[in-house]
Amino acid sequence: MVPRNGKNLNVPAPRHRPGEEPEFDDLDIPNAGAIPKPDVMTDPKAMFDYANSMIRVLDMKNKAVGEWDPKMSADDMRRGLTDMLTTRIYDDRMQNMQRVGKMSFYMKSRGEEAVAVAQAMALDDKDMLFPSYRQQGLLISRGRDMLDMMNHCLSNSKDNCKGRQLPIMYTWREGNFFSISGNLGTQFCQAVGWAVASAYKGEEAIASTWIGEGTTAESDFHHGMTFAAVYNAPVILNVVNNQWAISSFQGIAGGEKATFASRGIGYGMPGLRVDGNDFLAVYAATKWAAERARRGGGATMIELFTYRVGGHSTSDDPGKYRPEDESEVWPLGDPIERLKSHLIEIDEWSEQRHEQAIQEITAVVTKKYKEAESYGTLNSGPRPEVSSMFEDVFKEMPDNLRRQRQKLGV
Ligand SMILES: Cc1ncc(C[n+]2csc(CCOP(=O)(O)OP(=O)(O)O)c2C)c(N)n1
């Protein structure tokens with residue numbers, strides 16, 4: 001009989017704590033090009049290995065190798081690179097503006113830009129996106145006006161959420177981008193439901209959704225997975241494993257027991273584990289899953305193995321729970337640097353063009369920000385009309401609200 005003294009309990013602990021020297025030498029990372037690419041309609045039972053390996057295309061010499069090389073045109077890769085750069089520069093600017101009190105809150109996606117940008121490019125614009133709060137690159141890649149994104153974050157008079165949402169909880173109906181929810185995980189079930197409806201109506205569009213690895217410990221993840229598998233829903237279920245869920249590391253959500261991609265196996269769907277900092281691998285895996293969904297093969301789960309370089313949000317201080325320099329030794333590098341090096345390697349980019357791109361994007365971000373500020377910020381200038389708080393909530397306004405509105409005289 002096992003004694004009840006807690007001796008066999010496992011309380012996962014992260015590799016390093018502040019003050020310790022970080023290293024990831026024992027991470028099992030297969031070489032780029034090592035994994036074959038299966039037919040998109042392959043039976044999930046023949047795909048278990050994909051959940052425990054890692055799809056990688058860009059090798060140590062910045063060459064694209066192996067069957068997963070999507071053979072993107074140089075123009076498309078340059079577009080991907082500049083969209084990732086735009087996302088990063090936008091993020092930095094917005095975080096700085098939060099620091100000086102222009103908005104209440106912000107969340108950056110530094111280090112994870114390839115996830116959103118490559119996946120947006122691999123999908124059709126009519127496909128419906130159900131993101132978490134760390135895929136602003138989807139908006140940038142789909143061409144949303146940065147001014148509108150800023151207006152929302154500033155909760156100003158032109159905020160399309162009318163100041164009612166936490167900044168970064170974007171919504172963009174015209175771009176098929178579902179409203180982000182502050183309640184973690186809800187998007188998984190919503191995406192599956194939407195995908196089932198799309199298939200039922202005989203439509204082409206598929207859904208794609210993103211969840212953090214920490215949130216896979218929430219029940220919504222499992223409900224979404226069950227219904228996606230049972231109904232053969234045309235959906236891509238992405239788990240962004242950026243190693244950290246605020247101060248709690250991926251082991252707390254079960255990442256040391258089994259890979260997150262292997263969760264797919266238990267539900268009977270393919271689980272692809274992908275180097276999330278390898279733009280080409282992310283693009284290729286997403287194309288594969290999208291084609292499978294469009295051809296009636298149902299749902300695919302993708303684990304994007306990456307690293308959250310910045311703090312969780314502007315309310316977080318990662319120096320309290322992990323070494324400050326952990327991201328610098330992350331073995332999969334930086335997604336922007338890796339795609340940039342690849343483009344330089346094939347003579348389609350240069351340091352000079354890169355520098356120029358940074359300057360041009362920075363100028364655009366600055367100009368857009370100045371305009372956004374003129375429509376108001378958290379602490380100054382115009383705000384949404386008071387009357388707007390009564391709009392867009394109920395189709396028919398209940399009597400009590402009508403009375404309150406009359407009382408306010410708005
Ligand atoms: C249902 C619910 N539980 C808890 C929270 C508080 N919370 C916000 S973000 C977060 C961490 C999520 O981590 P992860 O899913 O790994 O995503 P990441 O932030 O790393 O992208 C937590 C616990 C919440 N917003 N909703």
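Order of appearance sets the numbers: ligands from 1, and atoms from 1 within every ligand.
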Identify the closest protein heavy atom to [atom]: which residue and atom is it, and at what distance?
atom	answer
atom 15 (O) of ligand 1	Thr215 OG1, 2.5 Å
atom 16 (O) of ligand 1	Gly214 N, 2.9 Å
atom 25 (N) of ligand 1	Gly182 O, 2.8 Å
atom 19 (O) of ligand 1	Tyr133 OH, 2.6 Å

Check whether any heavy atom of [X] sits under 4.0 Å from an atom of ligand 1.
X	result
Ser132	no
Arg308	no
Ile246	yes

- Message: Is there a side-chain contact between Leu81 and Ile336 in this structure, where contact means two heavy atoms from C-beta onward sitting under 4.5 Å apart?
- Response: yes

If you count the atoms of ligand 1 from 1 in the order shown, which ones are under 4.0 Å from a heavy atom of [X]?
X	value
Asn242	18 (P), 20 (O), 21 (O)
Glu218	1 (C), 2 (C), 3 (N)
Leu184	1 (C), 2 (C), 4 (C), 5 (C), 7 (N), 8 (C), 9 (S), 10 (C), 12 (C), 22 (C), 23 (C), 24 (C), 25 (N), 26 (N)
Trp244	16 (O), 20 (O)

- Item | Working for ring pair (Phe, Tyr, Trp, His ring centres under 6.0 Å), residues Phe249 and His16 | CA-CA 10 Å; Phe249 86 112; His16 328 107; over 10 Å; no

- Which one holds for Arg134 and ligand 1: side chain close, backbone close, both close, or neither close, with close meaning a heavy atom under 4.0 Å?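 For Arg134, only side-chain atoms sit under 4.0 Å from ligand 1.
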
- Message: Side chains of Trp330 and Gln243 only: does a donor on one sit below 3.5 Å from an acceptor on the other?
- Response: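 Looking only at side-chain atoms, Gln243 and Trp330 do not form any donor-acceptor pair under 3.5 Å.
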
- Task: Ignoring hydrogens and angles, tell me if any N or O in the side chain of Asn151 forms a donor-acceptor pair with the backbone of Leu147 under 3.5 Å.
- Result: yes

- Message: Name the residue from Thr366, Val365, Val364 that meets the side chain to side chain contact (heavy atoms under 4.5 Å, CB included) definition with Lys368.
- Response: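 Single side chain to side chain contact (heavy atoms under 4.5 Å, CB included) partner of Lys368 among Thr366, Val365, Val364: Val364.
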
- Message: Under the side chain to side chain contact (heavy atoms under 4.5 Å, CB included) test against Phe221, which residue among Leu184, Thr226, Leu237, Val239 passes?
- Response: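 The passing option is Val239.
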
- Query: Is Glu373 salt-bridged to Lys102, going by a charged N under 4.0 Å from an acidic O?
  - Reply: yes

- Can you establish whether the number of heavy atoms outside Glu385 located under 6.0 Å from its atom CD is more than 12? no

- Message: I need the single residue from Asn242, Thr87, Asn277, Thr306 that forms a side chain to side chain donor-acceptor pair (under 3.5 Å) with Glu112. Which is it?
- Response: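 Testing each of Asn242, Thr87, Asn277, Thr306 against Glu112, the sole residue satisfying side chain to side chain donor-acceptor pair (under 3.5 Å) is Asn242.
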
- Message: So for ligand 1, is His312 a polar contact partner (N or O within less than 3.5 Å, distance only)?
- Response: yes

- Any N/O of Ala245 closer than 3.5 Å to an N/O of ligand 1? no

